[in-house]
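The next block holds one structure in the form of structure tokens; read it before the comments.
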Amino acid sequence: MKRWILAAFLGSLLTLAGCAGSRVGVYARTAPPPMRIETYGPPPGPMYVWVDGYWAWRANAYVWAPGRWSVPPRGRRTWAPGRWDHRGDRYVWRDGRWR
């Protein structure tokens, strides 16, 4: 019984830790640069999907975060890329996600 409770507790902590890394609430006053066109070779394995790069906001400037090959979570197949939404006088980042 104690092991089951400990396992549930650790699972909850891991779930919360995964949420803490989310990039929600990133704001910029200027529009991001145009998207870069990335070239990439064949996937490293049959299950891999290409995740596009994006302009990240770090230290008051845009920096390019390059794309990568990734294996989708079970039951997911498509990557919906993140985006910068224009809201009033600023831009807000919305994370990409698996669908």
Side-chain angles (χ1 to χ4, degrees):
M1 178 74 171
K2 287 183 181 181
R3 285 187 184 191
W4 184 84
I5 293 172
L6 180 60
F9 178 72
L10 290 175
S12 299
L13 283 179
L14 290 173
T15 301
L16 290 174
C19 293
S22 180
R23 302 274 304 160
V24 176
V26 176
Y27 298 96
R29 294 271 180 200
T30 58
M35 288 296 292
R36 287 187 178 176
I37 296 175
E38 296 180 296
T39 57
Y40 49 90
M47 301 293 292
Y48 284 81
V49 174
W50 180 254
V51 175
D52 290 327
Y54 62 95
W55 286 107
W57 183 254
R58 302 223 170 81
N60 294 323
Y62 286 102
V63 294
W64 182 253
R68 67 190 187 285
W69 288 105
S70 182
V71 176
R74 187 176 201 145
R76 310 286 184 191
R77 294 189 185 141
T78 306
W79 174 253
R83 67 184 188 279
W84 285 98
D85 289 337
H86 189 205
R87 300 268 172 98
D89 64 342
R90 60 188 176 175
Y91 293 82
V92 61
W93 174 251
R94 300 292 178 210
D95 276 339
R97 61 187 173 93
W98 290 101
R99 291 186 184 179

Please tabulate, for side-chain N and O atoms in residues 59-76, each donor-acceptor pair with protein atoms closer than 3.5 Å (sequence neighbours left out).
from	atom 1	to	atom 2	distance (Å)
Tyr62	OH	Thr30	O	2.5
Trp64	NE1	Glu38	OE2	3.3

Distance-only donor-acceptor pairs under 3.5 Å for side chains of residues 81-92, two or more places apart:
from	atom 1	to	atom 2	distance (Å)
Arg83	NE	Asp85	OD1	3.0
Trp84	NE1	Trp55	O	2.8
His86	NE2	Gly88	O	3.0
Asp89	OD1	Arg29	NH1	3.3
Asp89	OD2	Arg29	NH1	2.7

Full working for side-chain contact (heavy atoms from CB on, under 4.5 Å) between Val51 and Trp98 | CA-CA 10 Å; Val51 175; Trp98 290 101; 4.0 Å; yes
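The nearest pair of heavy atoms linking Pro43 to Tyr48 is CB-CB, 3.9 Å.
Not counting sequence neighbours, the partners of Trp50 by the side chain to side chain donor-acceptor pair (under 3.5 Å) test are Asp52.
Cluster partners of Ile37, using a side-chain heavy-atom cutoff of under 4.5 Å among ILVMFWY residues and allowing indirect links: none.
Within a 6.0 Å radius of CE in Met35, more than 12 heavy atoms belonging to other residues, nucleotides or ligands are found.
Tyr54 and Val26 end up in the same hydrophobic cluster when Ile, Leu, Val, Met, Phe, Trp and Tyr side chains are linked at under 4.5 Å.
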